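Since the structure is predicted, the reported quantities are computational estimates derived from the model, not experimental observations. What you see below is based on every heavy atom in this structure, not just the backbone, and it leaves out hydrogens, waters and symmetry mates. Convention: sequence-line order gives letters A, B, ...; per-chain numbering from 1.
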Protein chains: 2
Amino acid sequence: MFTGWSVHSLDSKGRLAVPARFRDVLKALRDDRLVITTSDRCLVAYPQEDWRALADKISRLSQLDPRVQAFRRYFISGATDCTCDKQGRVLIPQALREMAGLESQVLLVGMQSNFEIWDKDRWYSAREEIRANFGDLSSFMAELGI
Amino acid sequence: MFTGWSVHSLDSKGRLAVPARFRDVLKALRDDRLVITTSDRCLVAYPQEDWRALADKISRLSQLDPRVQAFRRYFISGATDCTCDKQGRVLIPQALREMAGLESQVLLVGMQSNFEIWDKDRWYSAREEIRANFGDLSSFMAELGI
DNA sequence: GAAGTTAGTGGGGAATAGTGGGTAATTGTC
DNA sequence: GACAATTACCCACTATTCCCCACTAACTTC
């Protein structure tokens, strides 16, 4: 499971170090390949196997359903296979870097089954927004019985 | 499968580089011919074989049904065969360029069996729209168990 | 706290991918 | 057939990616 935060720097070539504890998770899956895709204002990385399962689910839906179409455009289309180099870094494709606004300081955020990749400043402002609505959020969670 | 995004530039002659990984897919199909057609606010490129199959299906539908006719006018009529030149570029016909509003910065978006060709700015606003309807999308994801 | 180990960072250099433009071939028009 | 416009082909240049190696910081172990 991917947990915890790490701040790493994106170097001038667009490479990002994957934290050792995340690499250990991948190693345990006997598969060092990641799939990186876009989400709301960040990128999300999945172990390749998990991504495959997810993509399969989607591919079985009607491709003409507009919701499926939107979902594929938004979430699936950007997905890119990335392998770690010998130093344990991945090259983030330029288009994804741009979409997620990655500058030099990058935050890797463990989300159990996957991890998110945020520009540090964006992360802080996103957190700030969440905090501002936290009252609503907690009552929503309470409704769910959590 | 066509996956991932690439930003390329449309040159002054209307040529567009096809990303190497997309060319590899075509090479695996032993057919470097593409069919490019118009879609909603972008262009869509299919390997020629796949396009043929799709067009066949549609041609078997009743040609008297006005909806079929509309669909054919909208989607089928613009289809153009394109082959990559030796530098791996395709010439996008001017009519299609205009239709999709392609300026200099162009995004190629992998959609598994085909790929879309977007003007970069349009792509960003289309994404924004999808996000604006995100309520729908997230409940859709919930249905899928994502 | 010294020495060894691991994690993260930076950059050189070769190979590959993408871009731009000149020129020849082709097409279409008069 | 002559001309202009478009398209295809070729070459040269630039940018990106990939595969190295080297360095530093942090953490372990003794």
* To do: For a salt bridge (Lys or Arg N to Asp or Glu O under 4.0 Å) with Arg73(A), tell me which candidate from Glu116(B), Glu128(B), Glu129(B) qualifies.
  => Glu116(B)
* Does a side-chain N or O from Lys86(B) land closer than 4.0 Å to OP1 or OP2 of dC9(D), or not? -> no
* Does Ser6(A) have a side-chain nitrogen or oxygen under 4.0 Å from the phosphate oxygens OP1 or OP2 of dA7(C)? -> no
* To do: Report which part of the nucleic acid Asp85(B) touches: base, sugar-phosphate, or nothing (heavy-atom distance under 4.0 Å, all strands).
  => nothing
* Asked: So what does Val18(A) touch, heavy atoms closer than 4.0 Å: a base, only the sugar-phosphate, or nothing?
  -> sugar-phosphate
Rounded to whole Å, how long is the line connecting atom [atom1] of [X] with atom [atom2] of [N]?
X         : N       : atom1 : atom2 : answer
Asp81(A)  : dC18(D) : CG    : P     : 12 Å
Gln105(B) : dT19(C) : CD    : C1'   : 12 Å
Asp11(B)  : dC10(D) : CG    : P     : 17 Å
Leu91(A)  : dG10(C) : CG    : P     : 15 Å
Arg33(B)  : dA8(D)  : CZ    : C1'   : 17 Å
Leu107(A) : dG8(C)  : CG    : C1'   : 16 Å
Asp24(A)  : dA7(C)  : CG    : C1'   : 11 Å
His8(B)   : dT17(D) : NE2   : C1'   : 12 Å

Choosing from [options], which nucleotide comes nearest the side chain of [X]?
X        : options                   : result
Arg89(A) : dG8(C), dG20(C), dG10(C)  : dG10(C)
Ala17(B) : dG8(C), dG10(C), dT19(C)  : dT19(C)
Arg97(A) : dG18(C), dG20(C), dT17(D) : dT17(D)
Gln87(A) : dT7(D), dA17(C), dC20(D)  : dC20(D)
Arg23(B) : dT19(C), dG18(C), dA22(D) : dG18(C)

* Structure fact -> Scanning both residues in full, the closest heavy-atom pair of Ser113(B) with Pro47(B) reads O-CD, 3.6 Å
* Considering only heavy atoms and no angle criterion, is a donor-acceptor pair shorter than 3.5 Å present between the side chain of Lys13(A) and the base of dG13(C)? -> yes
* Ignoring hydrogens and angles, does a donor from either the side chain of Arg15(A) or the base of dG11(C) sit under 3.5 Å from an acceptor on the other? -> yes
* To do: By nearest nucleotide on DNA chain C, pick out whichever of Val7(B) and Arg21(A) is the more 5' one.
  => Arg21(A)
* **Exam field: side chain Arg127(B) to backbone Tyr74(A), donor-acceptor pair closer than 3.5 Å** => yes
* Without swapping roles, check the side chain of Ser9(B) against the backbone of Ser104(B) for a donor-acceptor pair under 3.5 Å. => no
* Name the one of Tyr124(A), Trp123(A), Phe115(A) that satisfies ring pair (Phe, Tyr, Trp, His ring centres under 6.0 Å) with Trp5(A)? -> Trp123(A)
